[in-house]
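Single-structure report; data block below.
Note: hydrogens, waters and symmetry copies are ignored here, and every other heavy atom, side chains too, is used. Since the structure is predicted, the reported quantities are computational estimates derived from the model, not experimental observations.
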Amino acid sequence: MSDSMRVEYFFTQKKHKKIAFIFTPSQNRILAGNPYGGELLLREGFDVISFKSSIDHWFQQTPEHIFSEIEKTIHGKYVERVGYGSSMGGYAAIAFSKILRLDRVLALSPQYSISEDFDKRWAFYNKSIKWKYTINQSTIAERCKFYILYDDADLDREHVRRIGALISDDKLVLKAIRYAGHAVTHYLNDVHLLQNVVLEVFKNGRLNKIRFRKDRAKSKAYFRTLSDVFFRRGHFARSLRAIDRAI
């Protein structure tokens, strides 16, 4: 498609009834293969369309014609469509939920916007982006169910609050994992829950059977985030102990 973006369709000889749309996170620099859960979902009975970007552009470089081409290719083939992404990828999964006619979305620490003053962590990237795909009432699929995991002690909570205001309560499942940091993907990977979360949401439509904090002491992301929290509060000895645990 371009030197910085690729959209690929992965399927097997066996006819699958479900298809997953996967969006890469920021800092991804690889366009090859079926990454970020794609291979897992392919093994678990999903065909996959992978949106891969090697620049941190929040998928604004996606050509508009790609959506009609996708629809022409997959129309009538699947009984369910799901979307998955972390951070920038979570943003895209939500922003494209209506145009891709998604039934479920799993978004890990998604942004609502990187151009607003309440959070300037990604302001550098915003300077070079011309926005054409945003999260708003007209881009969110009304019948889609959204599962959003985030750290409610992080600024991510403000993004989630704004996203949640656009979604009806019966279509929204929120799971806060305090001190998991951004993105919670790293924490979930540390405690060996990432695959479980993906499969529980997309195969069973639930999260209530997962004990998210049980093994937090095994997560470097948890202690790194906790160290930052202690440091900002002026608890320097505690901050040092926490970062030692992370190391």
Residue pair [X] / [Y], side-chain donor-acceptor N/O under 3.5 Å:
X      : Y      : value
Glu8   : Asn34  : no
Asp156 : His182 : yes
Asp56  : Ser26  : no
Asp151 : Tyr179 : no
Ser87  : Gln111 : yes
Asn204 : Glu200 : yes

message = Assess the residue pair Tyr133 and Phe59 against the criterion (ring-ring contact (aromatic ring centres under 6.0 Å, His included)); give the C-alpha distance rounded to whole Å, side-chain angles, the decisive distance to 0.1 Å, and a yes or no.
response = CA-CA 8 Å; Tyr133 303 114; Phe59 292 92; 9.5 Å; no
Could you report the tightest heavy-atom contact between [X] and [Y], atom names first, then the distance?
X      : Y      : answer
Val184 : Ser109 : N-OG, 3.0 Å
Leu199 : Glu44  : CD2-CG, 3.6 Å
Ala221 : Ala180 : CB-O, 4.0 Å
Ile19  : Val48  : CG1-N, 4.2 Å
Leu166 : Gln137 : O-NE2, 3.1 Å
Asp119 : Arg121 : OD2-NH2, 2.7 Å

Give a yes or no on this: more than 12 heavy atoms of other residues, nucleotides or ligands lie within 6.0 Å of atom [atom1] of [X].
X      : atom1 : answer
Lys171 : NZ    : yes
Ile30  : CD1   : no
Phe231 : CZ    : no
His192 : NE2   : no

For residues [X] and [Y], establish whether the separation of their ring centroids is below 6.0 Å.
X      : Y      : answer
Phe21  : Phe23  : no
His57  : Trp131 : no
His159 : Phe118 : yes

Any donor-acceptor pair under 3.5 Å linking the side chain of [X] with the backbone of [Y]?
X      : Y      : answer
Asp215 : Lys218 : no
Lys17  : Lys77  : no
Ser219 : Tyr222 : yes
Ser115 : Asn126 : no
Arg157 : Asp154 : yes

Charged N to carboxylate O under 4.0 angstrom, [X] versus [Y]?
X      : Y      : value
Arg101 : Glu71  : yes
Glu158 : Arg161 : yes
Arg81  : Asp103 : no
Arg104 : Glu80  : yes
Arg178 : Asp152 : yes

Answer with yes or no whether the hydrophobic clustering places [X] together with [Y]; edges join I, L, V, M, F, W, Y residues whose side-chain heavy atoms lie under 4.5 Å apart.
X     : Y      : result
Phe67 : Val105 : yes
Phe51 : Phe146 : yes
Tyr36 : Met88  : no

Interatomic distance, [X] atom [atom1] to [Y] atom [atom2] [nearest 0.5 angstrom]:
X      : Y      : atom1 : atom2 : value
Leu106 : Ile148 : CG    : CD1   : 9.5 Å
Gln61  : Ile129 : CD    : CD1   : 9.0 Å
Ile177 : Lys175 : CD1   : NZ    : 7.0 Å
Arg6   : Thr24  : CZ    : OG1   : 11.5 Å
Phe223 : Asp190 : CZ    : CG    : 10.5 Å
Ile140 : Leu172 : CD1   : CG    : 9.5 Å

